[in-house]
Student: 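Have a look at the structure that comes next, please.
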Amino acid sequence: MKQKIVMQIPMNSSKHRTKAMKIAAVANGVSSVGIEGTDKVVVIGDEVDLVKLARCLKKEFGHVMLVSVEEKKKEDDKKKKEEKELEYWSNYCFHRYQPPPVYEAIYTPSQPPCSIL
């Protein structure tokens, strides 16, 4: 599952921007990193651990704000949906009948419950 994560980080200079990109690029599952505007880092990856990434960025910059997390859908998913629409039902129906329930006596006393009588 590809994710697109946008985080807002206070970055004042190009040095801060490159440092943020380096930290994000090292995280597990990240396939691409980019800067959006002046203070937003865009991370695209497969199964990225958002908490670990935010924690690493917070250690360096002090404040990280999560703006959005989106699931990026691939073209393969669209093709699969189209293929599912083409499936058809056959005319044969198979019925499996359940056997009738069997009733048994649960309590069958062999001796009377009271031995005095």
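None of these values were measured; they are calculated from a predicted model.
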Student: Tell me, yes or no, whether the heavy-atom count around N28 atom CG, taken from other residues, nucleotides or ligands under 6.0 Å, exceeds 12.
Tutor: no
Student: Tell me every residue that passes side chain to side chain contact (heavy atoms under 4.5 Å, CB included) with S32, counting only those two or more places apart in sequence or in another chain.
Tutor: I44
Student: Which atom names give the shortest non-hydrogen contact between T38 and R17, and what distance separates them?
Tutor: O-NE, 3.6 Å
Student: Should side-chain heavy atoms under 4.5 Å link Ile, Leu, Val, Met, Phe, Trp and Tyr, which residues sit in the same cluster as V30?
Tutor: I5, M7, I9, M11, M21, I23, V33, I35, V41, V43, V48, L50, L53, L57, F61, V64, L66, V69
Student: To the nearest 0.5 Å, what is the distance between CD (E47) and CD (Q3)?
Tutor: 8.0 Å
Student: Determine, stepwise, if the pair K19 / E60 fulfils salt bridge (Lys or Arg N to Asp or Glu O under 4.0 Å).
Tutor: CA-CA 9 Å; K19 191 177 278 191; E60 189 65 38; 3.2 Å; yes
Student: Nearest 0.5 Å please: distance from the NZ atom of K40 over to the OG atom of S68.
Tutor: 8.0 Å
Student: Distance from Q8 atom CD to H63 atom NE2, nearest 0.5 Å?
Tutor: 7.0 Å
